[in-house]
Amino acid sequence: MGLILLVDMDSFFASCEQLKRPELKDKAFVVGTGVESRKEKSVVQTASYAARKFGIHSAMPFSMALKLKPDIIYLPSDDKFYEQTSEKIVGLLKSYRMKMEVMSIDEMALDSGTEDYPSARMIAEAIKSRISNEIGLQCTIGISTSVVYAKMVCDAFKPNRIGIVKRAELKAFLADKDVIEILGVGGKTKEKLNKMGITKVSELAKVPATRLVDSFGRFGAELSRIAKGEDETGVVEGAPAISIGRETTLDKETDDINEVAGVMARLAKEAIEELGKRKLWYRNVASKARYTDFTLRTKARRLSNYTDSYETALNTSTELLRDLLSNGKVRKVGIRLSEFSRQSGQAKL
DNA sequence: CAATCGCTTCACT
DNA sequence: CTAACGAGTGAAGCGATTG
């Protein structure tokens, strides 16, 4: 494994919108989930940099963004366009013929194949200028000895820069970081660590690995390695999907299966389309419901055979949802397909 | 008692 | 000042069940 380059697009969705509408440049706006008419019930997916100055950020309810900046511009998410743009970027990166992992719609990890820092920097500079010239977007590239560290370097250098942290500098780089900055550590894990008296990565490094394994299982061992600068997570090419799902919030809360039939049909159709793109068959269908009190429940069924049938997906998910609706009114419904087989028949996972 | 099932929790964006 | 605000996608974790 060579040095890892982690390419992360800067405020990707917002920047895509600026590509479509250059007049948005320097404007404070957000790209939110859901259509314009339902923006009060939506969440910020990406805030433009001008909007971030007001404290607006991803995952923030749009209602709160409005309080921070009453004249903030709202744009509904144009997923198709972001997807197309992402594919262009992936295509551009593929031309470098390095091992690549598409981590998400706006994030790709590359194995440079070289241990030489100046060489890695030159590659990163070339990539960065090509993305700028050919796509018209800015990105940040983090370079380090593993995917996890490259990601953390990328975050530290955002936006619009190339950051390098060499093996010898890793300890110092990690030491003063808060544990929340570790890839895979979210709010819950941070709280648990804090209760153990651990706030900084340097403190995490001093805790015996066995203690972390006791509290966090497999992830505990990984946490320990990361904290000590010993992580060696490499680029995994083309990791297969484990599940494909679609969900949406309803216009009106209901416990009537007939009122959500149309919505389920659309979700099932979209999920099956995605499945078809990846040439997969499924054997498990799950339905999901978020109730008015915000509790979440799912119900799943395994089929006797692999299939790519839309009707089976719709009929099964509707049946499962009917069950979920007997518990009360719901605000959101979803479908998820899993347990895949490549194309037809009996092939094992 | 390990594998599997059905479901919940967690981490991102 | 704390609680409330609250979309969508995906993987991992976990307790109960089972062969």
Side-chain angles (χ1 to χ4, degrees), chain A residues 8-16 30-35 38-47 52 56-68 74 76-77 79 82-83 86 102-107 148 151 154-155 158 179-193 213 215-220 222-223 236 239-251 253 263 267 270-271 274-275 278 283-303 320 323-324 327 330-340 349:
Chain A
D8 193 325
M9 303 306 298
D10 296 337
S11 60
F12 184 55
F13 292 0
S15 302
C16 282
V30 303
V31 176
T33 54
V35 294
R38 230 180 38 213
K39 62 185 173 190
E40 288 78 12
K41 296 230 166 178
S42 84
V43 164
V44 175
Q45 293 199 80
T46 309
R52 291 180 196 198
I56 299 168
H57 56 79
S58 291
M60 174 182 277
F62 181 67
S63 56
M64 188 182 284
L66 263 183
K67 283 177 192 157
L68 291 168
Y74 181 92
S77 185
D79 297 342
Y82 311 149
E83 193 58 53
S86 176
V102 178
M103 316 270 298
S104 71
I105 193 165
D106 77 333
E107 204 176 300
V148 171
K151 170 67 178 162
C154 192
D155 289 342
K158 227 153 222 312
V179 290
I180 192 95
E181 298 186 49
I182 296 173
L183 187 61
V185 174
K188 301 287 173 159
T189 308
K190 176 189 161 65
E191 275 312 304
K192 229 165 129 183
L193 285 168
V213 172
S215 302
F216 301 98
R218 245 176 99 168
F219 184 53
E222 173 64 9
L223 269 180
V236 180
I242 289 175
S243 72
I244 292 171
R246 288 293 180 270
E247 59 191 65
T248 192
T249 300
L250 305 170
D251 291 330
E253 298 175 343
V263 173
L267 296 177
E270 287 182 11
E274 184 64 35
L275 201 75
R278 305 189 193 207
R283 199 178 66 170
N284 193 293
V285 181
S287 285
K288 168 172 174 173
R290 191 180 288 280
Y291 295 92
T292 48
D293 68 353
F294 235 73
T295 55
L296 194 62
R297 290 195 54 180
T298 59
K299 200 155 173 59
R301 178 181 303 163
R302 182 194 287 247
L303 311 172
L320 293 166
D323 224 44
L324 292 169
N327 298 312
V330 300
R331 71 192 327 274
K332 170 199 255 190
V333 296
I335 180 176
R336 183 157 293 275
L337 307 174
S338 60
E339 295 180 22
F340 300 140
L349 295 179

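Chain letters run A, B, ... following the sequence lines, proteins first, then strands; residues in each count from 1.
- Under 4.0 angstrom from either OP1 or OP2 of B:dT8 there lies at least one side-chain N or O belonging to A:Thr298.
- Distances shorter than 4.0 Å separate some side-chain N or O of A:Arg246 from OP1 or OP2 on C:dT9.
- Taking only side-chain atoms of A:Met64, from C-beta outward, the nucleotide of C:dG8, C:dG6, C:dC5 with the closest atom is C:dC5.
- One side chain, A:Gln45 or A:Ser77, offers a donor N or O that lies under 3.5 Å from an acceptor on the other.
- Taking the side chain of A:Ala300 as heavy atoms from C-beta on, and the options C:dC5, B:dC7, C:dA12, the nearest nucleotide is B:dC7.
- Along DNA chain C, the nucleotide closest to A:Thr249 and the one closest to A:Phe216 are compared, and the more 5′ of them pairs with A:Thr249.
- Following rounding to the nearest Å, A:Arg336 (CZ) and B:dG6 (P) show an atom-to-atom distance of 17 Å.
- Checking C:dG13, B:dC12, B:dT8 against the side-chain heavy atoms of A:Leu183 singles out B:dC12 as nearest.
- Side-chain proximity of A:Arg297 to B:dT13, B:dT8, B:dA11: nearest is B:dT8.
- Nucleotides C:dG6 and B:dT13, compared at atom P, are 23 Å apart to the nearest Å.
- The side chain of A:Lys299 sits closest to B:dC7 out of B:dA11, B:dC7, C:dA7.
- The residues A:Glu274 and A:Arg246 are annotated as salt-bridged, a charged nitrogen and a carboxylate oxygen being separated by less than 4.0 angstrom.
- Here B:dT8 presents its P atom at 14 Å from CG of A:Asn284, a figure rounded to the nearest Å.
- When the nearest nucleotides of DNA chain C are assigned to A:Lys332 and A:Met60 by heavy-atom distance, the more 5′-ward of the two goes with A:Met60.
- Distance from the side chain of A:Arg331 is smallest for C:dG6 among the nucleotides B:dC7, C:dG6, C:dG10.
- In this model, the phosphate group of B:dA11 is approached by a side-chain N or O of A:Thr189 to a distance below 4.0 Å at OP1 or OP2.
- With rounding to whole Å, A:Arg290 atom CZ is found 13 Å from B:dC10 atom C1'.
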